[in-house]
Amino acid sequence: MNKVTVVGSGFVGATVAQYVADKELADVVVVDILEGIPQGKSLDMMQAAPINGHDCNLIGTNDYAETKNSDIVVITAGIARKPGMTRDDLLKINANIVKEVAEKTVKLSPDAIYIVVTNPLDVMTYLTWKTTKLPTSRVIGMAGVLDSARFQAFIGMELGFSVEDTKAMVLGGHGDLMVPIPRFSTVNGIPITELMPADRIEALAERTRNGGAEIVGLLKAGSAYYAPGASVAHMVEAILRDKNRLLPCAVYADGEYGLKDVYIGLPAVLGREGMKKIVELKLTAEESAALKKSADSIKENIDQMNKLLVAV
Ligand code: APR
């Protein structure tokens, strides 16, 4: 059985553990600094196993020793922005948490593939790569799958077609500047540009850009976790089953799309070695400019994080 470590037993971490086990992908170790929470949630999920029908072992712990030799490490540890907290406060706190988690886990699982979920996503993925010193193929951020799933859900709702037939491609950073690409978004092969007027497509793209904020607005305390959890499990499956799936993920750009030294959402192939390759597509001038703008904003945040952390 493969082994997946999930660091952070909060809403997202626990949902990742649940979906990974329900799909019978791997044994799962959930780690948190809180005592009792990872243990309690894992035991609860073990008790759901006879009903859901899987034989994955789930354990919760406060001890990193249990994570040894993981095939995949998922980082969801962090805090959400609270009232009165600046973006820099959040950046500094989450950067320190992610750095610590990356250091502790990579010592025990040097062959693991990392999937980073903690926000700000693209910056935290960059930090994980720098901290673990792993090849870029083994450090990937989860955001493109989620943002694309949101766009797909909205397309399905708008047209009244099954979401099983909707596919979408959302590139760029995981934030306001993400770049939904309608040309590459289809219903069973038919580009949505053939099915909807431009103003409706733009409305759905805008709702996608605000997808996370819309949920925060409704939940008040806390942010989304079902779709983020499902997105991580989808990536875990692509990797462990060596599926070679073409998925938008936060990956390290080293010249691709004219971008350099930045983690950003691009179409990538996921399989057992992690991120096998970035697929370069011809973008329009407008799409390229939007991607560049998004990358510039991520780079500014990486610089800011470096200042806040002194150096990474
Ligand atoms: N080591 C391990 N776990 C930690 C640490 C740490 N140093 N610091 C915090 N945690 C744990 C918290 O104890 C908590 O259980 O991380 C968990 C975070 O869970 P939630 O607060 O429920 O947050 P969640 O909704 O799961 O979101 C986690 O994913 O989507 C992103 O923006 C979101 O960055 C956030 C992350």
Side-chain angles (χ1 to χ4, degrees), residues 1-64 66-67 70-80 97-98 101 105 109 112-119 121 124 140-150 152-153 163-164 174 211-212 215-216 218-219 221-241 243 245 247 249 270:
M1 190 61 104
N2 286 299
K3 180 170 175 180
V4 172
T5 283
V6 182
V7 188
S9 65
F11 285 98
V12 177
T15 310
V16 169
Q18 181 195 351
Y19 287 147
V20 166
D22 282 352
K23 285 174 169 247
E24 206 158 35
L25 295 173
D27 287 336
V28 184
V29 179
V30 185
V31 191
D32 206 293
I33 41 169
L34 298 176
E35 284 177 22
I37 306 292
Q39 291 87 347
K41 288 189 180 181
S42 299
L43 182 59
D44 193 8
M45 285 187 255
M46 279 299 277
Q47 293 166 4
I51 301 164
N52 291 341
H54 66 75
D55 285 300
C56 298
N57 193 37
L58 293 123
I59 59 165
T61 182
N62 309 111
D63 181 1
Y64 278 92
E66 306 261 21
T67 69
S70 293
D71 295 283
I72 296 184
V73 174
V74 181
I75 303 181
T76 77
I79 62 155
I97 293 172
V98 167
V101 170
T105 48
S109 302
I113 293 165
Y114 278 71
I115 300 177
V116 183
V117 187
T118 307
N119 276 315
L121 189 278
M124 292 301 130
I140 312 161
M142 186 293 293
V145 173
L146 170 63
D147 297 325
S148 301
R150 286 181 170 148
Q152 285 166 214
V163 288
E164 277 187 71
H174 184 51
I215 291 182
V216 170
L218 292 164
L219 296 179
S223 49
Y225 51 99
Y226 291 114
S231 301
V232 174
H234 195 58
M235 292 169 70
V236 167
E237 182 174 32
I239 293 167
L240 294 180
R241 299 210 166 129
K243 300 275 276 187
R245 290 202 77 138
L247 300 171
C249 305
L270 293 197

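Along the sequence shown, residues are numbered consecutively beginning with 1. The basis for the numbers below is simple: all heavy atoms, side chains too, and nothing from hydrogens, waters or symmetry mates. Just so we're clear, the structure is a prediction, and the values are computed from it rather than from any experiment.
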Which atom of [X] lies closest to which atom of [Y], heavy atoms considered:
X      : Y      : answer
Ala233 : Leu25  : O-CD1, 3.7 Å
Met46  : Leu58  : SD-N, 3.3 Å
Gly229 : Val16  : CA-CG2, 3.9 Å
Gly141 : Met235 : O-CE, 3.8 Å
Val30  : Ala17  : CG2-CB, 3.9 Å
Gly212 : Arg150 : N-NH1, 3.4 Å

Evaluate whether atom CG of Asp63 has more than 12 neighbouring non-hydrogen atoms of other residues, nucleotides or ligands under 6.0 angstrom away.
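Correct, the count exceeds 12.
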Calculate, to the nearest 0.5 Å, the distance between atoms CE and CG belonging to Met1 and Asn57 respectively.
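One gets 8.5 Å once the value is rounded to the nearest 0.5 Å.
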Distance (rounded to the nearest 0.5 Å) between His174 NE2 and Met124 CE
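So the NE2 of His174 and the CE of Met124 are separated by 12.5 Å.
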Those residues that, when tested against Ser70, pass side-chain hydrogen bond (donor to acceptor under 3.5 Å, both in side chains) (two or more places apart):
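With sequence neighbours excluded, Ser70 shows a side-chain hydrogen bond (donor to acceptor under 3.5 Å, both in side chains) to Thr5, given in chain and number order.
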For Asn119, enumerate each residue passing the side-chain hydrogen bond (donor to acceptor under 3.5 Å, both in side chains) test, keeping only those at least two apart in sequence or located in another chain.
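Here no residue qualifies.
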Side chains of [X] and [Y]: closer than 4.5 Å at any heavy-atom pair?
X      : Y      : value
Ile97  : Thr118 : no
Met142 : Val74  : no
Glu66  : Val31  : no
Ile72  : Val20  : no

Consider side-chain contact (heavy atoms from CB on, under 4.5 Å). Of Val6, Ile115, Leu270, which one does Val236 pass it with?
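Testing each of Val6, Ile115, Leu270 against Val236, the sole residue satisfying side-chain contact (heavy atoms from CB on, under 4.5 Å) is Ile115.
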Test: side chain to side chain donor-acceptor pair (under 3.5 Å). Region: residues 39-48. Which pairs qualify, not counting sequence neighbours?
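Non-adjacent pairs meeting side chain to side chain donor-acceptor pair (under 3.5 Å): Gln39-Asn62.
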Using the side chain to side chain donor-acceptor pair (under 3.5 Å) rule, collect all pairs that involve residues 12-34, keeping only residues at least two apart or in two chains.
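Side chain to side chain donor-acceptor pair (under 3.5 Å) check on residues 12-34 returns Ser9-Asp32, Asp22-Asn52, Lys23-Glu237.
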For Phe11, which residues count as a ring-ring contact (aromatic ring centres under 6.0 Å, His included) partner, sequence neighbours excluded?
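ring-ring contact (aromatic ring centres under 6.0 Å, His included) check on Phe11 returns Tyr225.
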Side chain to side chain contact (heavy atoms under 4.5 Å, CB included) partners of Ala112, counting only residues at least two apart:
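Expected list: Val73, Ser109, Tyr114.
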